[in-house]
Structures are given as C-alpha cells and as structure tokens.
Amino acid sequence: MTAGRRPSVGELFRTEPLLTALLAVGPLALAVGQLANGYVNDLSPIVTLPFAFVMVAFAAVATAHRAARYRRLRLEADLEG
C-alpha cells in the first residue's frame with residue numbers, strides 16, 4: 001500500500017467485513033427504513049428527512065474514520081516490518 005493512497009471501501013470490507021458493514025451500510029439502511037416508515041405512516045418530511053440526512057452523514061464520517069484508522073495501522077505495520 002502506498003503512503004498517499006486511501007483505502008477503498010472494498011479493502012475495508014475485506015479486512016473487517018462486519019465492522020465496515022455496521023459503519024457504512026447500517027446507518028444507510030436505517031435512513032432508508034425511516035424514510036419508508038415516514039411515507040407509510042404519512043409523517044411529514046420535516047421529521048424524516050433530517051434523520052435520514054444525519055444517518056447518511058454519520059455513515060460517511062464513520063467510514064472515513066475507519067479508513068483513516070486502517071491506513072494508519074497499515075503504515076505502522078510497514079514501518080515495523
């Protein structure tokens with residue numbers, strides 16, 4: 001792995017699939033479920049859209065944090081070995 005390259009989501013899924021799924025896919029599924037629930041129960045989009053936006057933002061930040069952690073661990077392993 002080169003020092004300047006960010007790990008892809010595929011690399012993250014290969015190394016720790018459960019954690020990556022919980023951080024990347026879980027909040028997105030929760031956002032979609034909340035939007036569907038709001039549609040079925042005639043809730044106002046003022047209630048459901050902010051929640052969905054926060055879940056998508058959380059998924060993006062958590063996945064980026066996981067990628068940074070993975071990259072740091074890889075760099076440390078390259079330095080040691």
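All values below come from the heavy atoms of this structure, side chains included, with hydrogens, waters and symmetry mates left out. The shown structure was predicted, so the numbers you read here are calculated from the model rather than taken from an experiment. Start at 1 with the first residue, then count along the sequence.
- Take F51 and apply the side-chain contact (heavy atoms from CB on, under 4.5 Å) test, not counting sequence neighbours, and it matches L30, Q34, M55.
- Scanning both residues, A59 and P27, for their nearest heavy atoms gives CB-CB, 3.9 Å.
- Checking Y70 against R74 by side-chain atom types alone, a donor-acceptor pair falls below 3.5 Å.
- When atom types are taken as modelled, the side chain of N37 and the backbone of G33 share no donor-acceptor pair closer than 3.5 angstrom.
- No more than 12 heavy atoms of other residues, nucleotides or ligands sit less than 6.0 Å from atom CD1 of I46.
- At distances below 3.5 Å, not a single donor-acceptor pair connects side-chain atoms of E80 with backbone N or O atoms of A77.
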Compile the donor-acceptor pairs under 3.5 Å between side chains in residues 19-26 and protein atoms, sequence neighbours left out, one pair per line.
from, atom 1, to, atom 2, distance (Å)
T20, OG1, L12, O, 3.1
T20, OG1, E16, O, 2.8

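- Heavy-atom contacts from other residues, nucleotides or ligands closer than 6.0 Å to CZ of F58 number 12 or fewer.
- R69 CZ to H65 NE2: the interatomic distance, rounded to the nearest 0.5 Å, is 8.0 Å.
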